[in-house]
Amino acid sequence: PFSCRPSVTSTICLSVEDAMAFNPQARSSLTDVDEFAEWQAATKKPASLHLQGGEVFRGWSFGADKSVSGEVVFSTGMIGYPESLTDPSFAGQILVFTYPLIGNYGVPSLDEKDECGLPKHFEGERVYPVAVVVAEYSFSASHYLAQKTLGAWLADHGVPAIFGVDTRAITKRLRDEGSLLGALAVGTSAKVPAFIDPNQRNLVAEVSIKSPRVFEPQALMNGHSEPSAKPSAIKILAVDCGMKYNIIRFFVKELGVRVKVVPWDYDFSKEECDGLFLSNGPGDPSKCQATIDCLRCVMEQRPSLPIFGICLGNQLLALAAGAKTYKMKYGNRGMNQPCIDLRTGRCFITAQNHGFAVDEESLPEGWFPLYVNANDGSNEGIAHNEKPYHSVQFHPEACGGPVDTSFLFNEFLNLITSKQGRSLTTISYQHPRSVSKVLVLGSGGLTIGQAGEFDYSGSQAIKALREQSIQSVLINPNVATVQTSKGLADQIFFLPITPEFVTQVIEKVRPDGLFAAFGGQTALNCAVALHRDGTLEKYGVRVLGTPIDAIIATEDREIFKQRVESIGERVAESACANDLDEARQVAARIGYPVLVRAAFALGGLGSGFAANQEELDELCGRAFVNSPQVIVDECLRGWKELEYEVMRDAQDNSLVVCNMENLDPMGIHTGDSVVVAPSQTLTNWEFNKLRETAIKVIR
């Protein structure tokens, strides 16, 4: 169950029930660890990372007692280390995690299986990187699913690991110089292994399955997995070049199709199937000549057979079509890569893990780029103009990472079922430009509900307007703010943020747009008042950012509750009350204790917990002084509290800027609670489940 509350900056707060992550019976004994003693013991086992250029980074070992060499790469993912470490695409590599603290939630059980009979929490049968590098390692595991610590798990798989090194310095070195060969030496007198380039080997042959395997769709009945009475008529042939398990799960569980997984060098040219899938995998795609030759044969002999590729599959499809690939400087590995869909201009946040890319300039006639990376401009997908062939460089199945592009599996299924050709049209992506002067309602007095974060965010908004050559006009009665610094805004009015004074400024400067989200509750209330009295419409002022209707919907708790429930999400039981008698009736129906909140109030002014009617009366007496309406909520005291900062633009692109985890459970006032950004104890599934909910709410 989730509890959602809005804030003035499109922040969505989600709470996970206490029975999950904070149930004492569910806690693993892995949390009862003397971390200092463990750290002291670990520091007696030195380790060192040696780069080919001569740099040495010294730390301590927390994995297997062995020395190895490989290609040093970095991943920017903040979560999902069990999934990343079991991704076959990392084979032969020394993986550097840029996130500074790894191991917080331990490692779940390898024995737990999903509906496909695959390990439920992992993406491969083993750990694939040859070594792991982290800045700080958590010796205790805080999660109800944890069965082992990360260090113990790596040791079981014979994978060495080092902590206590400057991963930021390593990452900057790799970004400047490109991916480098490296070696990890473990032990006081350990010999540094010779540098070996894994890309010179056929890594795909090392990680691909050795014989075909079939996965049938299943129906869940009465909580048990049973074979479906009517097997799917659609058959997918998947070429395993190092395929992640979640790809199989998407095909079988989400789409309900039959999947036959075959080795990378399997002759599938004559195989009966309705669609051909090319998986992800490690290393240089040119090493997979057997796959490329067979694929080219299929494209020549069966031109109407739909083909879909992911990651390495994108490169293999390009090579089979006659294009070229190249090794990237340092590759894209992580869960936060922005990709532009060239059919619509939409931007998606994607999970990626690759060191090679398609040279789209070499695409032959009839082939077009489908996606482009918004960071480095590299190719992120290709498609044929008429034939049912398309592929992407990123991972729509993610795991770890967001599944915002999982619709690509449905597009592949639609190509199979439609039995029709298509005509592909792409567009040039450009940022819209529609305003020339914007009025910014400033932060005002720094009090609870409109504190320093609004001064900071508002100043950043003004800077962004200047970068876009848009004139900024600021209203802020507080001279002691960053927003009012000389040279920041083009015009400043030191006036109260009230409908009367703001209307006078609008009459004088005639802005095209208005920012209401950077001034706290006072600015929001003012913008709503100007909208309702017709001032904004009269002068043609458009509210930018969060639409005015959305502001009203999130500030009115009853409307907000209805909106959230309309998209299939759940909220804590609550109701609005306009007087004391109505509040008493609501509290009696919900049951004590209850949370009493004042609507349209600064920082929860007049809010609190009521254990009985006497306390309710006292809280309502204070709340009705500050607000015409009171909300009585089900008490969620003790639940785990998390916040997601979400942004959405006019193109419906939604971006999670960050998420935060409260160290205190719900019931502690925000101003008194310690918050850590990003969250520390969420698994990949939990993080992205809450992320999906936050994005649904903001949309």
Practice task
Using atom types as modelled and distance alone, determine if a side-chain donor or acceptor of Ser208 lies under 3.5 Å from a backbone N or O of Pro263.
Solution key: no
Handout entry: Matching residue for Tyr105 among Tyr81, Tyr144, Phe687, Trp685 - test: ring pair (Phe, Tyr, Trp, His ring centres under 6.0 Å)
Key = Tyr81
Handout entry: Pair Leu181-Ile196, side chain to side chain contact (heavy atoms under 4.5 Å, CB included): steps then yes or no
Key = CA-CA 7 Å; Leu181 299 184; Ile196 299 176; over 6 Å; no
Practice task
Considering non-hydrogen atoms only, spot the tightest contact between Gly401 and Asn684 and give its length.
Solution key: N-OD1, 2.7 Å
Handout entry: Donor-acceptor pair, side chain of Ser679 and main chain of Thr681, under 3.5 angstrom
Key = no
Problem - Pair Arg249, Asn246: side-chain N/O donor-acceptor within cut-off below 3.5 Å - result: yes
Practice task
Measure from the side-chain N and O atoms of Gln680 to the backbone N and O of Pro678, and report whether any donor-acceptor pair falls under 3.5 Å.
Solution key: yes
Exercise for the section: First locate atom OH of Tyr330, then atom CZ of Phe74, and finally report the distance between them rounded to the nearest 0.5 Å. Expected result: 6.0 Å
Problem - Side-chain ion pair, Lys253 and Asp114, N-O less than 4.0 Å - result: no
Exercise for the section: Would you check if the side chain of Thr43 reaches a backbone N or O of Gln40 as a donor-acceptor pair within less than 3.5 Å? Expected result: yes
Exercise for the section: First locate atom OG of Ser89, then atom NZ of Lys244, and finally report the distance between them rounded to the nearest 0.5 Å. Expected result: 7.5 Å
Fill in the blank from the handout: Interatomic distance, CG@Leu408 vs CG@Leu413, rounded to 0.5 Å, equals 12.5 Å
Problem - Geometric class of the Trp60/Phe163 ring pair [parallel <30°, tilted 30-60°, perpendicular >60°] - result: tilted
Handout entry: Glu136 and Ser138, any side-chain heavy atoms less than 4.5 Å apart
Key = no
Exercise for the section: Please examine the side chains of Leu203 and Lys287, heavy atoms only from C-beta on, and report whether any two atoms are closer than 4.5 Å. Expected result: no
Handout entry: Short side-chain donor-acceptor distance under 3.5 Å, Asn332 and Asp376
Key = yes
Fill in the blank from the handout: Correct closest heavy-atom pair for Pro108 and Phe122 would be O-CZ, 3.4 Å
Problem - Sidechain-backbone polar pair: Asn202 side chain, Val204 backbone, donor-acceptor under 3.5 Å - result: yes
Handout entry: Check: Val697 main-chain N/O paired with Glu569 side-chain donor or acceptor under 3.5 Å
Key = no
Exercise for the section: Would you indicate whether the side-chain heavy atoms of Arg699 and Arg648 approach each other to under 4.5 Å? Expected result: yes
Handout entry: Electrostatic pair Asp166-Lys172, nearest N-O below 4.0 angstrom
Key = no
Fill in the blank from the handout: Asp664 and Val674 have their tightest heavy-atom pair at OD2-N, 3.5 Å
Handout entry: CD1 on Ile209 to CH2 on Trp264, rounded to 0.5 Å
Key = 13.5 Å
Fill in the blank from the handout: In short, Ala161 meets Leu184 closest at the heavy-atom pair N-CD2, 4.1 Å
Problem - SB check Lys640 Glu661 (cutoff 4.0 Å) - result: yes
Practice task
Take Val73 and Leu95, measure what side chain to side chain contact (heavy atoms under 4.5 Å, CB included) needs, and give me the verdict at the end.
Solution key: CA-CA 5 Å; Val73 299; Leu95 178 57; 4.2 Å; yes
Practice task
Decide side chain to side chain contact (heavy atoms under 4.5 Å, CB included) for Val392 and Asn314; before the verdict, give the C-alpha distance in whole Å, the side-chain angles of both, and the deciding distance to 0.1 Å.
Solution key: CA-CA 5 Å; Val392 291; Asn314 181 58; 5.7 Å; no
Handout entry: Validation row: Phe62, Ile102 side chains within 4.5 angstrom (heavy atoms)
Key = no
Exercise for the section: Please test Leu636 against Leu595 for side chain to side chain contact (heavy atoms under 4.5 Å, CB included), starting from the C-alpha separation and ending with a verdict. Expected result: CA-CA 8 Å; Leu636 301 180; Leu595 171 65; over 6 Å; no
Problem - Heavy atoms from other residues, nucleotides or ligands near NZ of Lys210 exceed 12 (cutoff 6.0 Å) - result: yes
Exercise for the section: Classify the ring geometry between Trp153 and His157 as parallel (under 30°), tilted (30 to 60°) or perpendicular (over 60°). Expected result: perpendicular
Practice task
Look at the side chain of Thr167 and the backbone N and O of Val134, then say whether any donor-acceptor pair between them is shorter than 3.5 Å.
Solution key: no
Fill in the blank from the handout: Looking only at heavy atoms, the pair that brings Cys241 and Val207 closest together is O-CG2, 3.7 Å
Problem - Heavy-atom pair of closest approach, residues Val259 and Ala238 - result: CG1-CB, 4.0 Å
Practice task
Report yes if the side chains of Leu154 and Val132 come closer than 4.5 Å at any heavy-atom pair, otherwise no.
Solution key: yes
Exercise for the section: Taking the side chain as every heavy atom from C-beta outward, state whether Arg691 and Ile695 have any atom pair closer than 4.5 Å. Expected result: yes
Practice task
Look at atom NZ of Lys696 and say whether more than 12 heavy atoms of other residues, nucleotides or ligands are closer to it than 6.0 Å.
Solution key: yes
Practice task
Tell me yes or no: between the side chains of Ser109 and Gln147, is some donor less than 3.5 Å from an acceptor?
Solution key: no
Handout entry: Side-chain heavy atoms of Asp65 within contact of Lys45, under 4.5 Å
Key = yes
Exercise for the section: Would you mind reporting whether Val130 and Ile94 have side-chain heavy atoms less than 4.5 Å apart? Expected result: yes
Completion exercise
Only one of Phe277, Phe407, Phe308, Phe409 passes ring pair (Phe, Tyr, Trp, His ring centres under 6.0 Å) with Phe250, and that residue is Phe409
Problem - Gln337 backbone acceptor or donor facing Thr350 side chain under 3.5 Å - result: yes
Practice task
To the nearest 0.5 angstrom, please state how far the CD atom of Glu641 sits from the CE atom of Met660.
Solution key: 9.5 Å
Problem - Separation between CG of Asp404 and CG of Leu655, rounded to the nearest 0.5 Å - result: 10.0 Å
Handout entry: Exam field: side chain Thr98 to backbone Ser75, donor-acceptor pair closer than 3.5 Å
Key = yes
Practice task
For Asn280 and Gly242, indicate whether the former's side chain and the latter's backbone hold a donor-acceptor pair under 3.5 Å.
Solution key: yes
Exercise for the section: Assert yes or no for the condition that the ring centre distance of Phe251 to Phe215 is strictly below 6.0 Å. Expected result: no
